Amino acid sequence: MLATRALRLVGKRALSTSICLRGGHGVAKVEDYTLPAYFDRRENPLPDIKFVQQLSPEQKSLKEKEKGSWAVLSKEEKIALYRISFKESFAEMEKGTGEWKSVVAGIFFFIGFTGLVVLWQRKYVYGDVPHTFDPEYKQKELQRMLDMRINPVEGFSAKWDYENNAWKK
Amino acid sequence: MSLAKPAMRGLLAKRLRFHLPIAFALSLVAAAAFKYGVTEPRKKAYADFYKEYDAMKEFNAMREAGIFESVRPSGE
């Protein structure tokens with residue numbers, strides 16, 4: 001409220017004695033961002049200014065009616081007065097945007113794309129695996145582990161039946 | 001339209017009174033479950049394994065398999 005009054009005074013140049021004149025250039029321009037702003041935030045329930053600054057004639061007459069008893073105001077008038085002061089109700093401002101769905105969709109899409117890249121790499125970029133991955137070599141490795149009695153109590157060799165040379169049932 | 005005054009103090013104490021006993025109980029349950037689900041069976045498995053364990057027999061079996069470098073199988 002004060003800022004709008006100050007702006008009108010600047011326009012009329014009424015208080016030239018109290019306004020600082022800089023080298024004959026006049027008063028510094030008042031930037032938008034320096035004035036009190038309206039914003040809907042849960043942490044700031046009563047913003048510095050009302051939402052609607054320029055009232056239409058109906059709104060002006062409603063404001064006059066507001067100065068009387070509030071009991072005679074109808075429901076629509078009360079809601080209209082609310083909407084003059086505030087842009088969104090708490091329910092409207094708190095409501096979720098559903099943005100998470102786009103985010104999750106993007107995540108899945110790019111994971112899928114990465115899968116395709118990995119498949120292409122396996123086919124066209126990587127060479128052969130070492131010979132130690134051959135099935136015969138793997139068999140010899142397993143036999144050596146059993147011979148060495150790896151984890152004979154609860155683990156690997158515990159599951160091998162040494163008498164019958166087979167896995168335990 | 002007069003609402004009751006909300007609780008202004010003792011909020012943490014109230015939460016702790018409710019949650020701490022539950023936390024303690026759940027921790028004890030978790031410890032007991034791990035003891036009787038994991039450690040006791042493991043101790044029994046080791047005890048049973050070593051009850052009938054013949055070290056020399058196992059050593060000879062391993063030697064014949066040829067995994068040692070200090071002793072070769074008896075055939076060679």
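Chain letters run A, B, ... following the sequence lines, proteins first, then strands; residues in each count from 1. Just so it is clear, the model here is predicted, and its values are computed rather than measured.
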**Q** Go through chain A and chain B and list any donor-acceptor pairs closer than 3.5 Å, backbone and side chains both.
**A**
{"residue": "A/Arg149", "atom": "NE", "partner": "B/Glu58", "partner atom": "OE1", "Å": "2.9"}
{"residue": "A/Glu154", "atom": "OE1", "partner": "B/Arg42", "partner atom": "NE", "Å": "3.2"}

**Q** Are more than 12 heavy atoms from other residues, nucleotides or ligands located less than 6.0 Å from atom NZ of A/Lys50?
**A**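 Atom NZ in A/Lys50 is not crowded, with 12 or fewer foreign heavy atoms closer than 6.0 Å.
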**Q** Let me check something: do A/Val52 and A/Tyr82 share a hydrophobic cluster, defined by ILVMFWY side-chain heavy atoms less than 4.5 Å apart, either directly or through other members?
**A**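 Linked within one cluster.
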**Q** Membership question, hydrophobic clusters at under 4.5 Å side-chain separation (ILVMFWY): are A/Tyr126 and A/Tyr124 in the same one?
**A**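 They do share one cluster, since a chain of ILVMFWY contacts under 4.5 Å joins A/Tyr124 to A/Tyr126.
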**Q** Which residue pairs pass the side chain to side chain donor-acceptor pair (under 3.5 Å) test with at least one member in residues 27-46 of chain A, sequence neighbours excluded?
**A**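 Every side chain to side chain donor-acceptor pair (under 3.5 Å) pair that includes a residue of residues 27-46 of chain A, provided the two are not neighbours, is A/Tyr38-A/Asp40, A/Arg41-A/Glu43.
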**Q** Are B/Val29 and B/Val38 joined in one hydrophobic group, where the rule is that I, L, V, M, F, W and Y side chains link up if heavy atoms are under 4.5 Å apart?
**A**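 Each belongs to a different hydrophobic cluster.
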**Q** Do A/Ile150 and A/Leu142 land in one hydrophobic cluster if side-chain heavy atoms of ILVMFWY residues count as linked below 4.5 Å?
**A**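 Yes, A/Ile150 connects to A/Leu142 through the hydrophobic network.
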**Q** Are A/Phe39 and A/Leu35 joined in one hydrophobic group, where the rule is that I, L, V, M, F, W and Y side chains link up if heavy atoms are under 4.5 Å apart?
**A**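 Each belongs to a different hydrophobic cluster.
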**Q** For residues 128-137 of chain A, give me every residue with a non-hydrogen atom less than 4.5 Å from any non-hydrogen atom of chain B.
**A**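 Residues qualifying by a heavy atom under 4.5 Å from chain B are absent, so none.
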**Q** Take atom CZ in A/Phe156; do more than 12 heavy atoms of anything else shown fall under 6.0 Å from it?
**A**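 Atom CZ in A/Phe156 is packed in, count exceeds 12.
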**Q** At under 4.5 Å between heavy atoms, what parts of residues 86-111 of chain A are in contact with chain B? List them by residue number.
**A**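 Hits under 4.5 Å: none found.
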